[in-house]
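See structure below.
Starting from 1, each residue takes its place in the sequence as its number. Computed from heavy atoms alone, side chains included, the values below leave out hydrogens, waters and symmetry copies. Read the numbers this way: they start at 1 and go in the same order the structure lists the ligands and their atoms.
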Amino acid sequence: MDALIGLPADELERVRAVVQPLQAAGLVPDRAEFPGDAMRMLTEAGALTAPLPIAAGGLGLGTERHRGGVLLDFLHLLGQAGLPLGRLLEAHVNALRIVVRYGNADQQAFVAEAVRGGALFALWVTDPPENGLRVTAQGDAMVLVGAKMFCSGAGHASHALVTAEYHDETRLLIVELGAGERVSPLSASLSGMRAAVTGQVDFTGIATSADRVVGSADDYLREPDFSAGAWRSSAVALGGLYRLLDLLRTQLTDRGRAADPHQRARFGQALIGHETGRLWLERAGRMAEDGEADDAAIVATVGLARIAVERACLDGVELVQRSLGLAAFMTSNPVEQVARDLETYLRQPAADEVLHNAAGYFMLNGLPVPS
Ligand SMILES: Cc1cc2nc3c(=O)[nH]c(=O)nc-3n(C[C@H](O)[C@H](O)[C@H](O)COP(=O)(O)OP(=O)(O)OC[C@H]3O[C@@H](n4cnc5c(N)ncnc54)[C@H](O)[C@@H]3O)c2cc1C
């Protein structure tokens, strides 16, 4: 039970206590509107500070070793509360992890103080096909030119960690942003995950400086962290599946259909899928957060875990929709939004390549050791 070592269980309980009221109040909108009330509740419950190192007033989730089990619970709970909320906070965890891992003491202190003051961090790394973000020299000054796309929390995250090209290297920079600043919508809106307010941000003209540059060249791409972070978005996604199965159970019961053998078979299959995903994530999360295994083994295990969760979720959505029929497609039914959010959120980079590489690793090195 490494999950509970040294951690105040009530911190997680506080987040758990927020999830149900959030769900009941429907505080995660199905439109491109930042879930401000929900985020305030989570902030009060300690969700923003949880990823800070313990010495900085947090729980070390994502920033300290041996916290994989608790981080899994935390992200799964956020996914239950609402996938867009989970996406926003998963990015916050990822950004803080990078600063703690690669940033200097001043940068870590700056970030910790900002987060204790309520800052939400974003991590924006996806360049548009043209006009990707780069750092240019203008006299003695460093000035940003270009944009990022698929920026979750655009206009609402107070700080972003971004990748930018600088002298043919990929560098990470901390950027502070005012509300709504420099944001434009994507060229076409996403059908799900609308409340993650994913837009484009144009940074052209923002002056930056060497003390905002985190780590050294290509740190962002350094393995195993670059690939292994996928276990955390999978943990949020799996929380979305759990919410869907909970809604299915309630709705079948309310309609007097819970004893039907076909419904039970589908429900059982979906539960098996969820638990399979959870077991994969337990293993992958432990390996990624402990950092004691071989780098390539961590990346391959996280890769298979990601694909296992993706499959469990896609199958789960199909089973839930088959079980509820047209009711699952009525916009008044929360199932409709959660399924759509989940199907959107599952689109993560290069799924085929991840499976190919992970399978290749175990093909060459032997099967994972049962644990
Ligand atoms: C809700 C949401 C929020 C997001 N928020 C952020 C954010 O805050 N910051 C950020 O940086 N990004 C964000 N992203 C973007 C994300 O990081 C990925 O860029 C995006 O999800 C990629 O998805 P994709 O399915 O288009 O991936 P792709 O990698 O394009 O995959 C699509 C398909 O093409 C295949 N494929 C990929 N490469 C090749 C190839 N070379 N040849 C042949 N086939 C190929 C894949 O296997 C897959 O089948 C967000 C995405 C979502 C959905």
Is [atom] less than 4.0 angstrom from some protein heavy atom?
atom: atom 45 (C) of ligand 1; result: no
atom: atom 23 (O) of ligand 1; result: yes
atom: atom 38 (N) of ligand 1; result: no
atom: atom 26 (O) of ligand 1; result: no
atom: atom 34 (O) of ligand 1; result: no
atom: atom 3 (C) of ligand 1; result: yes
atom: atom 51 (C) of ligand 1; result: no

Shortest non-hydrogen contact between V302 and A288, atoms and distance = CG2-CB, 4.3 Å
Closest non-hydrogen atoms of L96 and P51, given as atom of the first, atom of the second and distance, are CD2-CB, 3.8 Å
Distance-only side-chain donor-acceptor flag, [X] / [Y], under 3.5 Å:
X: E176; Y: S158; value: no
X: E90; Y: Y345; value: yes
X: N333; Y: Q251; value: yes
X: R306; Y: S234; value: no
X: S323; Y: Q263; value: yes

Please could you name the atoms of ligand 1 that [X] approaches to less than 4.0 Å, counting only its heavy atoms?
X: L123; result: 7 (C), 8 (O), 9 (N), 10 (C), 11 (O)
X: T344; result: 53 (C)
X: W124; result: 8 (O), 9 (N), 11 (O)

Residue, atom name and distance, where the atom is the protein heavy atom closest to [atom]:
atom: atom 12 (N) of ligand 1; answer: T126 OG1, 2.9 Å
atom: atom 6 (C) of ligand 1; answer: F150 O, 2.7 Å
atom: atom 47 (O) of ligand 1; answer: D352 OD2, 2.9 Å
atom: atom 20 (C) of ligand 1; answer: R347 O, 3.8 Å
atom: atom 18 (C) of ligand 1; answer: P349 CG, 3.8 Å

Of A160, S233, S152, the residue with the heavy atom nearest atom 8 (O) of ligand 1 is S152
Do H262 and F267 pass the ring pair (Phe, Tyr, Trp, His ring centres under 6.0 Å) test, and can you show the C-alpha distance, the side-chain angles, and the key distance before you say yes or no?
-> CA-CA 9 Å; H262 300 285; F267 187 58; over 10 Å; no
Might you confirm whether atom CZ of R283 has over 12 heavy atoms from other residues, nucleotides or ligands at distances under 6.0 Å?
-> yes
Is A350 in contact with ligand 1, taking contact as a heavy-atom separation below 4.0 Å?
-> yes
Look at ligand 1 and say whether A351 reaches it with a heavy atom at a distance under 4.0 Å.
-> yes
Show your working on salt bridge (charged side-chain N to carboxylate O under 4.0 Å, His left out) between R222 and D225 and close with a plain yes or no.
-> CA-CA 6 Å; R222 209 171 294 289; D225 268 22; over 6 Å; no
Is there a ring pair (Phe, Tyr, Trp, His ring centres under 6.0 Å) between H274 and H76 once you walk through the steps?
-> CA-CA 11 Å; H274 175 272; H76 190 272; 5.1 Å; yes
Can you name the one residue among T253, D254, L247 that meets side chain to side chain contact (heavy atoms under 4.5 Å, CB included) with T250?
-> D254
Under 4.0 Å between heavy atoms, the region of R87 that gets near ligand 1 turns out to be side chain
Ligand 1 contact on M193 by region, counting heavy-atom pairs under 4.0 Å | side chain
